[in-house]
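To start, the structure under review is shown below, and the notes come after it.
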Amino acid sequence: MASLLSSTEKSTLTGILGDHFDTFKEDIVVYQKPIKLATDINIDFLYGYGPVSNPTNYSYTQVSGVFSALINRGGAPKDDNYLRDANIQIPMDEVTIKVEQATRDYLKQAQIERVDVGAKSYNVHSTDKEVNFLTKTYYVFNLKETE
């Protein structure tokens, strides 16, 4: 089947889309559930004398990663008619992020505790939605602000 675009034109257009992503991307910090490690375990206690005198102490190691994403913030737009005509509505306490494959894999495989976008923290509020353009694929997640 014939294509309207040659492979060179497809490569050029997806390159422009990649340039758009690189120009307007922002860093987000994705925090996983921390790793819990038991430390200072004393096994020299005596049974029968009440609670253990030397309880197990735990330390937590924070696991996080910094990724790039296009951020679409909610709120009142300047031109409300434009968004109403396009039927686009993002609540004030939500954002959508558009990410690449590596970030999507990290968000899907890990137990995510929170995602920091700028000075605010969010929880992942949806599964990913795949957005395709020719040969380029991005993934969109909805995030809801934590209280």
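The first residue of the sequence shown is numbered 1, and numbering continues consecutively from there.
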Is the backbone N or O of [Y] less than 3.5 Å from a side-chain atom of [X], with the two atoms forming a donor-acceptor pair by type?
{"X": "E9", "Y": "S6", "result": "yes"}
{"X": "Q62", "Y": "Q32", "result": "yes"}
{"X": "T96", "Y": "N142", "result": "no"}

Other ILVMFWY residues reachable from V140 by side-chain steps of under 4.5 Å:
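Grouped by the 4.5 Å side-chain rule, V131 form the rest of the cluster around V140.
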Residues in side chain to side chain donor-acceptor pair (under 3.5 Å) contact with [X], at least two apart in sequence or another chain:
{"X": "E113", "result": "none"}
{"X": "T137", "result": "N132"}
{"X": "N123", "result": "none"}
{"X": "E145", "result": "none"}

Rounded distance (nearest 0.5 Å) linking atom CD1 of I112 with atom CG of L143
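Answer rounded to 0.5 Å: 10.5 Å.
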With rounding to the nearest 0.5 Å, note down the distance linking CG in L70 to CD in E100.
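Answer for the CG-CD pair, L70 versus E100, is 8.5 Å.
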What's the shortest heavy-atom distance between S64 and Y106, and which atoms?
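For S64 and Y106, the tightest heavy-atom pair comes out as C-OH, 3.7 Å.
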Which heavy-atom pair separates K10 from L5 by the least distance, and what is that distance?
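Closest approach of K10 to L5, heavy atoms only: CE-O, 3.8 Å.
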Side chain to side chain donor-acceptor pair (under 3.5 Å) contacts touching residues 14-28 (sequence neighbours left out):
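Passing the test, one end in residues 14-28: E26-R73.
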Would you please name every residue forming a salt bridge (charged side-chain N to carboxylate O under 4.0 Å, His left out) with K108, sequence neighbours left out?
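By the salt bridge (charged side-chain N to carboxylate O under 4.0 Å, His left out) rule, K108 matches D128.
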Residue list, salt bridge (charged side-chain N to carboxylate O under 4.0 Å, His left out) with D105, at least two apart or on another chain:
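D105 satisfies salt bridge (charged side-chain N to carboxylate O under 4.0 Å, His left out) with no other residue.
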Results of side chain to side chain contact (heavy atoms under 4.5 Å, CB included) for S7 - residues two or more places apart only:
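In terms of side chain to side chain contact (heavy atoms under 4.5 Å, CB included), with neighbours along the sequence ignored, S7 is linked to no residue.
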Suppose we screen for side chain to side chain contact (heavy atoms under 4.5 Å, CB included). Which residues come up paired with L37, at least two apart in sequence or across chains?
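Checked L37 against side chain to side chain contact (heavy atoms under 4.5 Å, CB included); matches are I35, S59, T61.
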Step by step, work out the side-chain contact (heavy atoms from CB on, under 4.5 Å) result for V29 and V115.
CA-CA 6 Å; V29 182; V115 177; over 6 Å; no
Taking ring pair (Phe, Tyr, Trp, His ring centres under 6.0 Å) as the test, write out the residues that go with Y31, two or more places apart.
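Listed in chain order: nothing, the list is empty.
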Decide whether L17 and L134 are clustered together by the hydrophobic rule: side chain heavy atoms of Ile, Leu, Val, Met, Phe, Trp, Tyr closer than 4.5 Å, transitively.
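Yes: a chain of side-chain contacts under 4.5 Å links L17 to L134.
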Is there a side-chain contact between V66 and I28, using heavy atoms and a 4.5 Å cut-off?
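With C-beta onward as the side chain, the pair stays apart.
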Establish, from distance only, whether the side-chain atoms of S121 and D116 form a donor-acceptor pair under 3.5 Å.
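Note: S121 and D116 side chains meet the donor-acceptor criterion.
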Which pairs pass ring pair (Phe, Tyr, Trp, His ring centres under 6.0 Å) with one or both residues in residues 128-147, sequence neighbours excluded?
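Those involving residues 128-147 are F21-Y138.
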